[in-house]
Structure formats: C-alpha cells, structure tokens
Amino acid sequence: DSLLGAYLRRMISAGLDSRIDPYFFEEGADPVQRFKAWLERWQPDSVIATHSRPVMAWLKQLKLRVPGDIGVATLTNHHLEDGCAGIRCDSAKLGGLGIEMLVGLMHRGETGVPDDPHEVLLGGDWLDGRTLGR
C-alpha cells in the first residue's frame with residue numbers, strides 16, 4: 001500500500017494529463033483480457049510489477065516481446081532470478097534487522113502488538129536484467 005500511495009502522490013503532483021492508473025488484479029475476472037485493455041488504454045513503455053511472473057505470462061499470451069515491445073521491472077527479489085530487472089533487497093540484512101527488533105522487544109519485556117509500532121526501511125540495489133531495453 002505504501003508503494004501505491006507514493007505512486008499516486010507522484011502522479012497527482014505530475015498533473016492529470018500524465019497520470020497512468022495502476023492495474024489491479026481482480027479475482028474471477030479474466031486477467032489477460034483486463035491487462036490487455038489496460039495496456040491499450042495507457043500504452044506504457046514499461047511495467048513495474050510487484051509480481052512479474054504473471055505479468056510476463058500475460059505479455060507472452062498477448063504475443064508482446066519483452067523487452068522489444070514493452071519492458072518489465074520487478075519489486076520482489078524472487079523474480080530477479082528469472083532474469084527480470086528490478087530492485088534487490090538483501091534478505092540477510094532484512095532478517096538481521098528483524099532479529100534486532102525482536103531482541104529489543106524481548107529486552108524491554110514487550111509482548112503483543114506494540115503501542116507505538118514502527119517500520120524499518122532497508123534500501124535496495126538496482127539489478128539490470130534482460131526485461132528492460134537500453
């Protein structure tokens with residue numbers, strides 16, 4: 001949700017003429033046909049996906065070449081192994097930060113849902129892949 005919020009905030013500040021509505025997967029609907037309609041309406045050069053595998057499969061069904069016709073980037077580590085370009089977060093560092101937070105809660109004797117919850121942001125690295133053109 002925070003990614004969507006950041007995207008929508010940027011689109012609002014960019015002005016309505018340059019806005020591209022995000023595509024949302026809906027259960028029960030034909031995702032390939034809905035995605036095709038979305039592509040035809042917005043005609044993006046590239047797609048940023050939280051789950052690139054289904055997007056890549058839909059593009060293949062639509063006979064669109066990646067990256068020839070459209071580029072794809074992912075925001076999830078496990079799809080980077082498929083050769084998809086995107087942001088890689090170091091899983092070991094993320095796990096270590098989670099352990100640090102847990103140990104801190106234990107030292108303070110805190111249990112249950114925290115009264116003052118907070119988040120830790122860990123930056124990622126960009127990995128080039130075969131799904132984006134140059």
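By convention here, the first residue in the shown sequence is residue 1.
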Heavy-atom pair with the smallest gap, counting every atom of Pro114 and Pro117
O-CD, 3.5 Å
Closest non-hydrogen atoms of Leu59 and Phe35, given as atom of the first, atom of the second and distance, are CD2-CE2, 3.6 Å
Of all heavy-atom pairs between Gly124 and Ile87, which one has the smallest distance, and what is that distance?
CA-CG2, 3.9 Å
d(Leu75 CG, His51 NE2) to nearest 0.5 Å is 10.0 Å
Side-chain heavy atoms under 4.5 Å apart, restricted to Ile/Leu/Val/Met/Phe/Trp/Tyr: what other residues fall into the cluster of Val113, or is it alone?
none
Can you see which heavy atom on Ala73 is nearest to which on Trp126, and at what distance?
CB-CH2, 3.9 Å
Other residues, nucleotides and ligands only: do more than 12 of their heavy atoms fall within 6.0 Å of CD1 on Ile48?
no
Should the heavy atoms of other residues, nucleotides or ligands under 6.0 Å from CG of Asp45 be counted, would the total exceed 12?
no
Other residues, nucleotides, ligands: >12 heavy atoms within 6.0 Å of Arg108 CZ
yes
I need the minimum non-hydrogen distance between Asp90 and Leu122, along with the two atoms involved.
O-CD2, 3.9 Å
Geometric class of the Phe25/Trp58 ring pair [parallel <30°, tilted 30-60°, perpendicular >60°]:
parallel
Is a side-chain N or O of Arg34 found less than 3.5 angstrom from the main chain of Phe24, in a donor-acceptor match?
yes
